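For reference, the structure is listed below as structure tokens.
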2 protein chains.
Amino acid sequence: MDTGDRLLTPGEVAALFRVDPKTVTRWAAAGRIGSIRTPGGHRRFRESEVRALLEGEGMLDEAEEMGKPRNVGPAASTGPGPANAGMY
Amino acid sequence: MDTGDRLLTPGEVAALFRVDPKTVTRWAAAGRIGSIRTPGGHRRFRESEVRALLEGEGMLDEAEEMGKPRNVGPAASTGPGPANAGMY
DNA sequence: TTATACTTGGGTAATTCGGGTC
DNA sequence: CATGTCCGAATTACCCAAGTAT
């Protein structure tokens, strides 16, 4: 089925996180947050995913996370939390 | 397999992409998305094509989810070569 | 036939993009 | 290393009126 969640614009996500839209764009470019691109090139973000990030997604042990742009491994680590888009 | 051949109206596609119906019409006019024209001049879009675009089938780099199961779908889809000449 | 909802077209703001810099 | 701001350019959003679709 469809993901069923609405899509948010960079400005919306930026307002939710209290950051600049440009910062949100960088998160998407770094792969830290999933992004859907419109045929025109603009990005759209999943409401559920943004929400999970805002909630803190149950990450209690926030370990320090820094250098990560180099995704060498298959997947696995990197993530303070499952930044995956939860589909419910 | 005709399940994915349903035709969607500009309003439907616009709602899926979280954009204005006018923008969808512009995509069709620019050749970024296939469109069928009704005798009256209105446009209709193929559900399969829109779905593929939403999934981000054209994504290669960013938004690399790590904890995402590599779902190897058997159906490669369709492809009539959607004349996608879009790039930014 | 009438009626309502939607789509079309052009034009003008607002937003976003990408890169570069601090 | 991450974030905020600058610029130019592209894309998108909302305004109008008229026609089509159901």
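None of the values given here were measured: they were computed from a predicted structure. In what follows, chains carry the letters A, B, and so on, assigned in the order in which the sequence lines appear, proteins first and then strands, with residues in each chain numbered from 1.
Annotation for A:Leu7 and A:Arg44: closest pair CB-CB, 4.0 Å, computed over non-hydrogen atoms. Residues A:Pro39 and B:Phe17 come closest through the heavy atom pair CD-CE2, 3.9 Å. Heavy-atom minimum distance, B:Ile33 versus B:Phe45: CD1-CD2, 3.9 Å.
Remark: B:Trp27 is not in phosphate contact with D:dT11, judged by side-chain N or O atoms under 4.0 Å from OP1 or OP2.
Residues B:Leu54 and B:Val50 meet the side-chain proximity criterion, which asks for heavy atoms closer than 4.5 Å. Two residues are said to be in side-chain contact when any heavy atoms from C-beta on lie closer than 4.5 Å; B:Thr23 and A:Thr38 fail this criterion.
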Output one letter per nucleotide in nucleotides 7-14 of chain C: B when a protein non-hydrogen atom lies under 4.0 Å from the base, S when only the sugar-phosphate is that close, - when neither is. BSBB----
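In this structure, A:Arg46 contributes its side chain and A:Ser35 its backbone to no donor-acceptor pair below 3.5 Å.
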If pairs are Watson-Crick or G-U with both distances under 3.5 Å, what is the dot-bracket string of DNA chain C, marking crossing pairs with [ ] and pairs to another strand with |? ..|||||||||||||||||...
Could you go through the side chain to side chain contact (heavy atoms under 4.5 Å, CB included) check for A:Thr25 and A:Arg43 one step at a time? CA-CA 8 Å; A:Thr25 295; A:Arg43 293 189 183 86; 2.7 Å; yes
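Per the geometry, CD1 belonging to B:Ile33 stands 12 Å off P belonging to D:dT12, to the nearest Å. If you measure from atom CG of B:Leu7 to atom C1' of D:dA21, you get 14 Å, rounded to the nearest angstrom.
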